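Here the structure is laid out as structure tokens; the discussion comes afterwards.
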Amino acid sequence: MKAKHANTLLALLLLASAHGAAARQAAPPKRPPVAFAEVPAKASGINWVHNNAHSPERWLPETVGAGCAFLDYDGDGWMDIYLVNSGPSDFYAPTAPLRNALYRNNRDGTFSDVTDRAGVAGGTFGMGAAAADYDGDGRQDLYVTSYGRNILYRNNGDGTFADVTAKAGVAAPGWSTCATWLDYDADGRLDLFVSSFVFYDKTQNLYCTDESKRRYYCVPRFFKPAASRLFRNKGDGTFADASRESGIADSPGKSFGAVATDVNNDGLIDLFVANDTMPNFLFINKGGGKFEEEGLGAGVAYSEAGRPRSGMGVDAGDFDGDGWQDLFVANIDQEFFSLYRNQKDLTFTDEPGEIAPATQLLSGWGLKFFDYDNDGDADLLLANGHPDDLIEMRVARVKYREPLLMFENTRRSYKNVSAHSGAVFARDFSGRGLAVGDYDNDGDLDALLSNNGEPPVLLRNDGGSRGNWLGLRLVATKSNPAAVGTLITWQAGGVKRTRLKTGGGSYLASHDPREVLGLGEAAKADAVEIRWPSGKVDRLVGPPANRYVTVVEGEGIK
């Protein structure tokens, strides 16, 4: 009897073991964590280095560049790269010529310098870049911001650009930082918002020293704010300065980052603007070409303690999946970064979660909401670096060069996954501009980091495309050419998600204009709805996965 029970028990154990082995064998393999790999300059061919004009006089513009952009300037479906350098100004005369750089994507992981042939070398003390098809001819043009005079390069369609700044009327003299393309008046043409920093020239430089009489960069609070500019596209290749009539000029600031989005779901594009040592601005679009600044009432102007902070990079995205745009702004060390959750009544609550302790000693510039692992949720990448290269002599535990940070979306908040996101996250940088784009066309978004006074860093995403995806090239016919304000809804694996196509975001940067929809483990998207700013709706049923498709407004996939 005992033997019989023993045999029965043995049989059960063997059966359980067999079931366990089968279950283990049938279980899908766990996807390895997504990691970013730094692409060496020798491998990419990008050997350009930013020169920040560093000097003993500590001119303020030395510390806030440089910008970068992903764009497809030749229309071949592959992202090219543009990098912005400093140059001649009233306080700086380079000993050797400096230039911006345009690198053409060779479609094999390498890039070729085509700056001179393209005619986009710059020649100003450059800050950032914003790429978009402002004239609606199907080609991406390029706007370069500067300390001094901005430049609008119109794409000629033959691999070259023409400087049309004077004709277009968008030079915007002074000190411009970020530029953001948007259609604020809903006429189907791209208008241009240009962030203005402080009033500054060679005669206004201040002498700031510490107890040891070492000179350092003066804090921007000592300089007067300047009004940002809004240029209305007239549709004939020229722009009208609408700064005053729109209400933008009524709020002078010390503006760095800007993002165009719709925070109240009324179909009109608003503007969130980060200010340094001043309250941030939230310009609500009231229609009729008018904005009202409502940052204070919305809860995004000051810290929770009621103090202005040093806002630099900004972005907008629906991180919690409730269909409303949330906001993010990066500040200087000791101030914490802010993740503003949209309360759906034109107010926001600051809920940074793990981001707060991770950024307490950091100063943030470029940043972006994007789906790095293609699971459908908006993750967050942050580029950091202190503005003063002598900060380590004055403040304990704060460094000039600082690490990148990667946060994964948990749908409730963000989890710091930097330690598992690649060796590059163990390095420190003088980070400034940050652009995202799929430069190798493998379906996951890569990143481009520009560093102040140092070489840029190209980061290849080596894990995001393990999740399925669908890439959209949006071609407008009635709406603005950048499709800013388009609402994309997609369903995959029983989960429904939405994304609003924003304009700008980050700091001094411009991003891949395509939209990559993460499908996760789902084999395909069951349905995709594209609601254009014009009101037209295109519905895609069962579109192919893991490829880019072109969607023409009112016509569907082409």
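Everything numeric in this text was worked out from a predicted model, so none of it was measured.
No side-chain donor-acceptor contact under 3.5 Å links Tyr414 and Asp379. For the residue pair Tyr216/Asp210, the side-chain donor-acceptor check at 3.5 Å is not satisfied. Residues Asn275 and Ser255 bring a donor and an acceptor atom of their side chains to less than 3.5 Å of each other. Side-chain atoms of Tyr103 and Asn47 form a donor-acceptor pair, as typed in the model, at a separation below 3.5 Å. Side-chain contact annotation: Asn441 with Tyr548, donor-acceptor N/O pair under 3.5 Å absent. Under 3.5 Å, the side chains of Tyr217 and Glu62 contain a donor-acceptor pair of N or O atoms.
Not counting sequence neighbours, the partners of Arg309 by the salt bridge (charged side-chain N to carboxylate O under 4.0 Å, His left out) test are Asp350. For Arg99, the salt bridge (charged side-chain N to carboxylate O under 4.0 Å, His left out) partners two or more places apart in sequence, or in a different chain, are Asp113, Asp116. A search for salt bridge (charged side-chain N to carboxylate O under 4.0 Å, His left out) contacts involving Glu351 returns Arg341, not counting sequence neighbours. Qualifying side-chain contact (heavy atoms from CB on, under 4.5 Å) partners for Val219, counting only residues two or more places apart in sequence or in other chains: Arg221, Phe222, Thr277. Residues forming a side-chain hydrogen bond (donor to acceptor under 3.5 Å, both in side chains) with Asp74 (at least two apart in sequence, or on another chain): none. Legend: residues meeting side-chain hydrogen bond (donor to acceptor under 3.5 Å, both in side chains) with Asp442, ordered by chain and number and at least two apart, are absent.
The structure places CG of Asp389 at 10.5 Å from NE2 of His386, a figure rounded to the nearest 0.5 Å. Separation of atoms CG (Leu362) and CG (Asp333) is listed at 8.0 Å; rounding is to 0.5 Å. Taking CD1 of Ile332 as the start and CH2 of Trp365 as the end, the distance is 7.5 Å to the nearest 0.5 Å. Atom CG in Leu448 sits 4.0 Å away from atom SG in Cys68 (nearest 0.5 Å). To the nearest 0.5 Å, the span separating OG on Ser363 from CG on Leu382 amounts to 12.0 Å. Rounded to the nearest 0.5 Å, atoms CZ (Phe336) and OG (Ser303) are 10.5 Å apart.
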Walk me through it: do Phe91 and Phe125 pass the test ring pair (Phe, Tyr, Trp, His ring centres under 6.0 Å)? CA-CA 10 Å; Phe91 64 82; Phe125 200 100; 5.3 Å; yes

Please determine whether side-chain hydrogen bond (donor to acceptor under 3.5 Å, both in side chains) holds for the pair Tyr82 and Asn100, giving the CA-CA distance in whole Å, both sets of side-chain angles, and the decisive distance to 0.1 Å. CA-CA 7 Å; Tyr82 191 70; Asn100 304 341; 2.9 Å; yes

Could you walk me through whether Leu271 and Phe193 pass side chain to side chain contact (heavy atoms under 4.5 Å, CB included), step by step? CA-CA 9 Å; Leu271 282 161; Phe193 176 83; 3.6 Å; yes

Evaluation steps, side chain to side chain contact (heavy atoms under 4.5 Å, CB included), between Phe337 and Leu367: CA-CA 11 Å; Phe337 297 5; Leu367 54 93; 5.9 Å; no

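Side-chain N or O atoms of Asn106 include none that pairs as donor or acceptor with a backbone N or O of Asp108 at under 3.5 Å. Although no hydrogens or angles enter the test, the distance criterion places a donor-acceptor pair under 3.5 Å between the side chain of Asn155 and the main chain of Gln140. A donor-acceptor pair under 3.5 Å is absent between the side-chain atoms of Glu515 and the main chain of Lys501, judged by distance alone. Between the side chain of Arg58 and the main chain of Asn205, no donor-acceptor pair closer than 3.5 Å is present. Looking at Asp90, its side chain does come within 3.5 Å of a backbone N or O of Lys202 through a donor-acceptor pair. Formation of a donor-acceptor pair under 3.5 Å by the Asp315 side chain with backbone atoms of Ser506 is not found in this model. Between the side chain of Asn52 and the backbone N or O of Asn452 there is no donor-acceptor pair closer than 3.5 Å. Here the side chain of Ser510 pairs a donor or acceptor atom with the backbone of Ala131 at under 3.5 angstrom. Of the possible donor and acceptor atoms, one in the side chain of Ser450 sits under 3.5 Å from a partner among the backbone N and O of Gly433. Under the 3.5 Å distance criterion, the side-chain polar atoms of Asn409 are matched with a main-chain donor or acceptor of Ala378.
When every heavy atom of Lys224 is checked against every heavy atom of Lys254, the shortest pair comes out as C-CE, 4.2 Å. Contact detail for Asp371 and Gly518: the closest heavy-atom pair is OD2-CA, 3.6 Å. Of all non-hydrogen atoms in Asn384 and Gly364, the two that sit nearest each other are OD1-CA, 3.4 Å. Here the shortest heavy-atom pairing between Ala356 and Pro352 reads CB-CG, 3.8 Å. Taking each heavy atom of Phe281 and Glu293 in turn, the nearest pair found is CA-OE2, 3.4 Å. Closest non-hydrogen pair, Ser418 versus Phe425, comes out as O-CB, 3.4 Å.
Ring centers of Tyr507 and Phe256: under 6.0 Å apart, within the cut-off.
Using a 4.5 Å heavy-atom cutoff, the side chains of Phe348 and Leu282 are in contact. Side-chain contact between Asp388 and Arg394 is present, with heavy atoms from C-beta onward closer than 4.5 Å. Contact annotation: the side chain of Asp318 approaches that of Asp326 to within less than 4.5 Å [non-hydrogen atoms, C-beta and beyond]. In this structure the side chain of Trp181 never reaches within 4.5 angstrom of the side chain of Val484, judged on heavy atoms. Counting heavy atoms from C-beta on, the side chains of Leu449 and Phe429 come closer than 4.5 Å. The shortest distance between side-chain heavy atoms of Val84 and Met127 does not fall below 4.5 Å. Residues Pro173 and Arg149 fail the side-chain proximity criterion, which asks for heavy atoms closer than 4.5 Å. Within the 4.5 Å cutoff, side-chain heavy atoms of Val120 are placed close to those of Thr115.
Ring geometry for Trp48 against His50 counts as tilted: the plane angle lies between 30° and 60°, on a 0 to 90° scale. Ring planes of Tyr147 and Tyr200: perpendicular class, angle over 60° (limits at 30 and 60°).
The only member of Leu404, Val39, Leu445 that meets side-chain contact (heavy atoms from CB on, under 4.5 Å) when paired with Leu459 is Leu404. Results of the side-chain contact (heavy atoms from CB on, under 4.5 Å) test with Tyr153 over Thr165, Val144, Leu102 single out Val144 as the only residue that passes.
Between Arg497 and Asp377 there is a salt bridge, since at least one side-chain N of the basic residue sits less than 4.0 Å from a carboxylate O of the acidic one. Salt bridge present: Lys399 and Asp428 bring a charged side-chain N and a carboxylate O closer than 4.0 Å. We find that Arg514 and Asp72 are not joined by a salt bridge, their nearest charged nitrogen and carboxylate oxygen being 4.0 Å or further apart.
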